[in-house]
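Below: the structure, in structure tokens.
Both counts, for ligands and for their atoms, begin at 1 and track the order of listing.
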Amino acid sequence: MVKPDGVQRGLTGQILERVEKKGFKIVAMKLVVMPREKAEEHYAEHKGKPFFKDLVDFITSGPSVSIVMEGRGAIAAMRKMNGATNPVEAAPGTIRGDLGIETGRNVVHGSDSPASAAREIEIHFDPSELLDYKRIDEAWLYE
Ligand code: UDP
Ligand code: MG
């Protein structure tokens with residue numbers, strides 16, 4: 001997900017470019033202002049934490065881009081490409097390391113496990129919005 005700070009700062013294109021260049025396949029994508037209930041569900045694991053309200057306020061404050069991408073090792077690789085939660089600690093070369101400063105404005109979200117990905121995809125998308133197609137370069141991305 002490109003969070004509202006990423007959209008407002010005009011970073012959506014270059015974030016998508018990183019995903020596409022890596023070789024991951026975009027299978028669903030949309031620009032939305034997340035409704036509060038959906039944002040609370042998305043971040044349910046953080047309910048009760050001191051930053052929860054600010055996080056939900058922020059994530060619902062403007063358009064964000066929800067993306068489903070696919071590929072071998074996609075979840076772990078995308079988390080690595082996103083970088084550490086605190087952008088100041090995120091390695092250079094990562095999205096957060098290159099493009100952010102504050103934990104509360106860290107530009108992107110990425111699912112942290114297959115179970116979270118399945119849960120989050122259901123919050124963001126209708127099953128009919130996930131598209132099934134082949135990238136023409138698959139034969140060159142995979143052995
Ligand atoms: N967050 C925050 N303050 C904190 C911890 C987290 O504002 O002290 C926000 C931050 O935007 C982070 C999100 O809550 O990306 C979810 O936190 P998590 O620990 O799951 O980090 P992530 O999985 O995004 O790296
Ligand atoms: Mg998380």
Point to revise | Greater than 12 external heavy atoms within 6.0 Å of Q14's CD | key: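 Atom CD in Q14 is packed in, count exceeds 12.
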Check your understanding: Should we say atom CG of L31 is surrounded by more than 12 heavy atoms from elsewhere, each under 6.0 Å from it?
Key ->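 Atom CG in L31 is packed in, count exceeds 12.
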Exercise for review: Using a strict cut-off of 4.0 Å, indicate which atoms of ligand 1 neighbour a heavy atom of N106.
Suggested key: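 Those qualifying, in numeric order: 10 (C), 11 (O), 12 (C), 15 (O).
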Point to revise | Ligand-side contact atoms (ligand 1) for residue partner R79, heavy atom cut-off under 4.0 Å | key: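 Answer for ligand 1: 22 (P), 23 (O), 25 (O).
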Exercise for review: Just do the side-chain contact (heavy atoms from CB on, under 4.5 Å) check on E45 and D112 with the steps written out, would you?
Suggested key: CA-CA 12 Å; E45 65 170 311; D112 62 11; 4.3 Å; yes
Take every heavy atom of [X], measure it against each atom of ligand 1, and state whether any distance is under 4.0 Å.
X: D112; value: no
X: R96; value: yes
X: E102; value: no

**Study point:** From T103, N82, T85 - option closest to atom 25 (O) of ligand 1 by heavy atom
**Key:**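 Answer by nearest heavy atom: T85.
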Point to revise | Identity of the nearest option to atom 8 (O) of ligand 1, non-hydrogen atoms only, from Y43, F51, F58 | key: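 Going through Y43, F51, F58 one by one, F51 has the nearest heavy atom to atom 8 (O) of ligand 1.
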**Study point:** Carboxylate-amine/guanidinium contact D137 R135, below 4.0 Å
**Key:**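 Judged by the 4.0 Å cut-off on N to carboxylate O distance, D137 and R135 do form a salt bridge.
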Review point. At their closest point, which heavy atom of L141 faces which heavy atom of K22, and how far apart are they?
Key: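 Taking every non-hydrogen atom into account, CD2-O, 4.1 Å.
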Review point. At their closest point, which heavy atom of G93 faces which heavy atom of R18, and how far apart are they?
Key: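 Scanning both residues, the minimum pair turns out to be O-NH1, 3.2 Å.
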Check your understanding: Does K25 make a cation-pi contact with Y133, if we ask for NZ or CZ under 6.0 Å from the ring centre and within 45° of the axis?
Key ->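 Yes, K25 lies over the aromatic ring of Y133.
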Review point. Parallel under 30°, tilted from 30 to 60°, perpendicular over 60°: which one fits the rings of H109 and Y43?
Key: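 Rings of H109 and Y43: perpendicular, as their planes differ by over 60°.
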Which residue and atom name correspond to the protein heavy atom nearest [atom], and how close is it?
atom: atom 7 (O) of ligand 1; result: G104 CA, 3.6 Å
atom: atom 9 (C) of ligand 1; result: L55 CD1, 3.8 Å
atom: atom 11 (O) of ligand 1; result: K3 NZ, 3.0 Å
atom: atom 18 (P) of ligand 1; result: H46 NE2, 3.5 Å

